[in-house]
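First the structure, in the form of structure tokens, and then the observations on it.
All values derive from a computational prediction rather than experimental measurement.
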Amino acid sequence: MLVEKKIKNTNISVVQQKDYYSIPLDELNEMFADYQQRDIIQAASFEDDVWYLYNEKIKRRVIFQLDEIKFNRTKKNRSVFSFEDIIHALKGYVLYKLDVHPVESLSEQVSFLKKVIEETDFFHIHSKKVLVAKKVKKDTNYYKLVHVLIEFLEYFPIAESEEYLNLLYYQSEAHSKSNKELTQRELGIFGSIFELGDALDTFWEHCSEDEKEEFYPIKLWWEITTTIPLRVSEFIVTPYDCLSEEEGFYYLTVRRTDLKGNATNVTHKVEEDYTLQKIRINEALYRLIQAYRDLVDDYDFIPNYFYQGYQHTGRRKYLFSQRAYYKHLDFKGSTVASSILDFFSVSNLNYLLKRFYRKVIVGMFQYELVAKGDQDRDLRPYQLEYVNLMDTRHFAFINMVLNDVEPLIIKDISGHGSIKSSYHYYSHVSKFVKCYTYSMAKRISRKNKSDKGEEVIFTNHSNQWDLAYNKVFNPDYEEELKQYKEVDGGRCSSKQKNFEDCRKVDNDCKKGCSFYHPTETKAQKEIKELVLENQRNLSTETLALKELVRQYDKAQNFAEDYGLRINKIKTIANQNAMMLSKYFL
């Protein structure tokens with residue numbers, strides 16, 4: 001295993017090939033003691049079965065225990081290492097990787113290694129078939145971490161290493177070739193992301209102060225990460241003093257990190273592993289963040305907050321308050337035991353998002369949640385794909401594109417090494433614009449109704465907008481419509497047997513029945529033709545934009561051409577939103 005170590009008090013790094021049998025146990029003990037002294041490892045000694053790894057943000061428990069009975073059973077008739085050796089090898093792997101990997105990924109890697117070690121009967125040659133079967137089972141986590149297994153077996157050479165490594169090299173290379181975009185995280189269905197934002201906005205207008213305090217981090221996660229492409233690990237370490245106002249403009253200071261993959265020189269200290277970046281924001285976001293701080297700041301100075309005897313008080317270092325989060329938990333004891341108190345972690349944010357889905361998205365708005373799947377499949381009006389914390393980062397990329405931010409600036413803000421790293425996002429502009437248009441049309445339609453004094457009910461079970469959308473954009477809709485039964489003013493797609501669907505709307509199709517397809521009016525048909533013509537123009541413009549970015553370094557008037565393309569795309573999107581809002585009505 002190649003190990004890169006920085007020489008203390010210098011900028012010089014030395015790369016060495018290390019393997020377990022060439023390293024004296026004293027060297028591992030010295031490394032352990034160093035990390036222990038720096039509060040990165042908490043354990044009484046190197047020989048402890050359980051280590052706690054810290055990085056100021058989170059603590060992770062790493063358990064170095066394997067099934068010794070199984071080991072003794074599988075070592076018969078084998079020239080095999082000792083049980084103590086493989087435990088020490090796992091610990092040595094962690095110690096050498098602590099300089100180049102964050103704590104979160106290391107704990108995941110050890111769990112993965114232990115699972116494979118026991119699945120293969122401690123790398124028994126006859127158990128190699130277990131790893132061959134991973135492809136058949138489509139074990140994506142295995143392929144995500146197969147490089148870890150390769151590194152471990154290079155570090156811990158055993159009699160069967162060559163046989164296993166040949167298989168692993170082949171699997172890794174074959175999987176990489178067949179998944180060229182493996183490193184480009186799957187983009188969720190944009191429609192669900194827009195729906196989540198729509199629901200969050202509606203909730204925010206009507207929620208109580210207590211509910212607002214509980215879900216404020218979700219609101220800020222949405223507003224910040226849909227406009228600035230932050231990683232979640234960066235978002236949660238936003239400094240407390242993050243806001244500034246200069247010459248009438250508003251700015252947010254965020255933290256950025258290069259700790260991806262095999263980044264070197266990880267100190268596990270926020271101040272050293274992250275750099276500060278100031279980004280201009282609008283006044284609304286500035287006021288929203290300011291209001292959050294005003295709402296939760298008093299908690300910082302309450303003694304004995306988490307338990308009697310917890311005396312720490314004083315202004316927190318980061319924007320988000322774990323004390324405010326803790327206040328709204330149903331079960332508080334487990335949080336005190338498992339968290340770094342007074343630090344709001346990724347796990348806390350993830351739990352809060354799931355809670356928001358359960359209480360608000362499902363409980364209030366009655367959506368049915370579906371797992372992330374095929375991006376192109378159609379969801380029912382009452383269904384919503386679960387949006388992960390990282391999905392908004394990709395949303396933000398395209399949001400920046402459509403707000404006239406040039407590729408070079410997008411590269412800098414996103415922390416990408418080159419424009420090519422973010423080039424593939426331009427392929428999704430067309431789909432993004434379509435979902436944006438649909439979302440805006442619904443908002444305009446609701447506003448128009450509200451302005452007329454009509455009652456506006458936020459419900460996802462009405463198919464009013466989704467039906468209209470299908471009429472316009474689904475090329476097979478007309479053929480599907482012919483199969484439905486004729487009723488007064490349109491057609492019915494219900495497969496009812498005893499008029500159960502009719503009874504739900506008192507036999508009045510126009511009372512919001514989700515199976516009723518009213519006949520298009522002349523005005524609707526005219527709007528539909530204009531919208532589809534715009535869509536054809538949009539496809540042309542988005543393809544031209546993508547090609548322009550691909551030729552970025554060769555274009556003579558790039559900035560001018562880029563601005564023209566973006567403006568045309570936005571003009572088309574706004575026209576379609578206005579027309580669709582009329583079509584919906």
Would the distance check show the side chain of Arg255 and the main-chain N or O of Val237 forming a donor-acceptor pair, the cut-off being under 3.5 Å? yes
Here the gap from Phe249 atom CZ to Ile281 atom CD1, rounded to the nearest 0.5 Å, amounts to 13.0 Å
Is Ile41 close to Leu53 at the side-chain level, that is, under 4.5 Å between some pair of heavy atoms? yes
Any side-chain donor near an acceptor of the partner, Gln290 and Arg287, under 3.5 Å: yes
Taking every heavy atom of Ser321 against every heavy atom of Tyr292, the minimum-distance pair comes out as N-OH, 3.0 Å
Classify the ring geometry between Phe203 and Phe215 as parallel (under 30°), tilted (30 to 60°) or perpendicular (over 60°). perpendicular
Atom CD of Glu385 and atom OH of Tyr367: how far apart are they, to the nearest 0.5 Å? 13.5 Å
Would you call Tyr142 and Phe112 a side-chain contact if the rule is heavy atoms closer than 4.5 Å? yes
Working note: Lys219 + Asp201, criterion salt bridge (charged side-chain N to carboxylate O under 4.0 Å, His left out); need CA distance, chi angles, decisive distance, verdict. CA-CA 9 Å; Lys219 177 67 172 174; Asp201 286 347; 3.2 Å; yes
Heavy atoms only: give me the nearest Lys570-Leu402 pair and the separation to one decimal. CD-O, 2.9 Å
Taking the six-membered ring for Trp and the full ring for Phe, Tyr or His, determine whether the centres of Tyr305 and Tyr310 are under 6.0 Å apart. no
Are Phe235 and Phe320 close enough, and set up right, to give a ring-ring contact (aromatic ring centres under 6.0 Å, His included), and what steps lead you there? CA-CA 10 Å; Phe235 174 69; Phe320 297 101; 4.8 Å; yes
For a side chain to side chain contact (heavy atoms under 4.5 Å, CB included) check, start with the C-alpha distance between Phe301 and Arg315, then their side-chain angles and the critical distance, and finish with the verdict. CA-CA 7 Å; Phe301 299 95; Arg315 179 63 64 227; 3.3 Å; yes
Interatomic distance, CG@Asn534 vs CG@Leu538, rounded to 0.5 Å, equals 8.0 Å
Pair Glu104-Lys57, salt bridge (charged side-chain N to carboxylate O under 4.0 Å, His left out): steps then yes or no: CA-CA 10 Å; Glu104 296 90 333; Lys57 301 180 298 176; 3.7 Å; yes
Residues pairing under salt bridge (charged side-chain N to carboxylate O under 4.0 Å, His left out) where one sits in residues 343-356, two or more places apart or in two chains, turn out to be Glu214-Arg355, Asp330-Arg355
Are any side-chain N or O atoms of Asn399 and backbone N or O atoms of Phe395, one a donor and one an acceptor, separated by less than 3.5 Å? no
Could you check His268 against Val103 for side chain to side chain contact (heavy atoms under 4.5 Å, CB included), going step by step and ending with a plain yes or no? CA-CA 8 Å; His268 306 285; Val103 164; 3.8 Å; yes
Centre of Tyr438's six-membered ring, under 6.0 Å away, within 45 degrees of the axis: is that where NZ or CZ of Lys442 sits? yes
Can you give me the closest heavy-atom contact between Ile193 and Val387, atom names plus distance? CG1-CG2, 3.9 Å
Asp501 vs Tyr516, test: side chain to side chain donor-acceptor pair (under 3.5 Å). Steps then yes/no. CA-CA 10 Å; Asp501 293 325; Tyr516 178 57; over 6 Å; no
Side-chain (Asp391) to main-chain (Asn388) donor-acceptor, under 3.5 angstrom: yes
Test item: Leu369 and Arg358 side chains (from C-beta on) under 4.5 Å apart, heavy atoms: no
For side chain to side chain contact (heavy atoms under 4.5 Å, CB included), just list the numbers for Val148 and His101, CA-CA rounded to whole Å, side-chain angles, deciding distance to a tenth of an Å, and then say yes or no. CA-CA 12 Å; Val148 173; His101 279 288; over 6 Å; no
Partner of Leu230 under side chain to side chain contact (heavy atoms under 4.5 Å, CB included), chosen from Ile236, Ile224, Thr257: Ile224
Is Ile218 close to Trp204 at the side-chain level, that is, under 4.5 Å between some pair of heavy atoms? no
is_close_aromatic(Phe432, Phe194), centroid dist under 6.0 Å: yes
Would you please classify the geometry between the Phe344 ring and the Tyr325 ring as parallel, tilted or perpendicular, with 30° and 60° separating the classes? perpendicular
Could you grab the distance from atom OG1 of Thr238 to atom OH of Tyr318, nearest 0.5 Å is fine? 10.5 Å
Non-hydrogen side-chain atoms of Glu234 and Gln277 separated by less than 4.5 Å: no
What I'd like to find out is whether the side chain of Glu541 reaches to under 4.5 Å of the side chain of Leu545, using heavy atoms alone. no
Would you name the heavy atoms of Val270 and Glu56 that are closest together and state the gap between them? N-OE1, 2.8 Å
Might you work through the side chain to side chain contact (heavy atoms under 4.5 Å, CB included) test for Ile566 and Tyr562, ending with a clear yes or no? CA-CA 6 Å; Ile566 294 296; Tyr562 186 83; 4.0 Å; yes
More than 12 heavy atoms of other residues, nucleotides or ligands under 6.0 Å from NZ of Lys359: is that the case? yes
When every non-hydrogen atom of Leu580 is compared with those of Ala441, the smallest separation belongs to CB-CB, 3.6 Å
Quick check: Tyr386 with Tyr357 (ring centres under 6.0 Å apart)? yes
Do Asp297 and Tyr240 get their side chains close enough for a donor-acceptor pair, meaning under 3.5 Å? yes
Would you say Asn350 and Ser347 are linked by a side-chain donor-acceptor pair, where the criterion is simply a distance under 3.5 Å? no
For the student: nearest non-hydrogen atoms of Arg256 and Pro229, plus distance: NH2-O, 3.1 Å
Quick one: do the Asp342 and Tyr326 side chains pair a donor with an acceptor below 3.5 Å? no
To the nearest 0.5 Å, what is the distance between CD (Gln322) and OG (Ser345)? 6.5 Å
Working to the nearest 0.5 Å, report the span between SG of Cys435 and CD1 of Ile398. 10.0 Å
Taking the side chain as everything from C-beta on, heavy atoms only, tell me whether Asn282 gets closer than 4.5 Å to Leu285. yes
Could you check if a side-chain atom of Phe356 sits within less than 4.5 angstrom of a side-chain atom of Leu196, using non-hydrogen atoms only? yes
Would you check if the side chain of Trp221 reaches a backbone N or O of Leu389 as a donor-acceptor pair within less than 3.5 Å? yes
Listed by chain and number, what are the side-chain contact (heavy atoms from CB on, under 4.5 Å) partners of Ile63, not counting sequence neighbours? Val50, Arg61, Gln65, Lys114
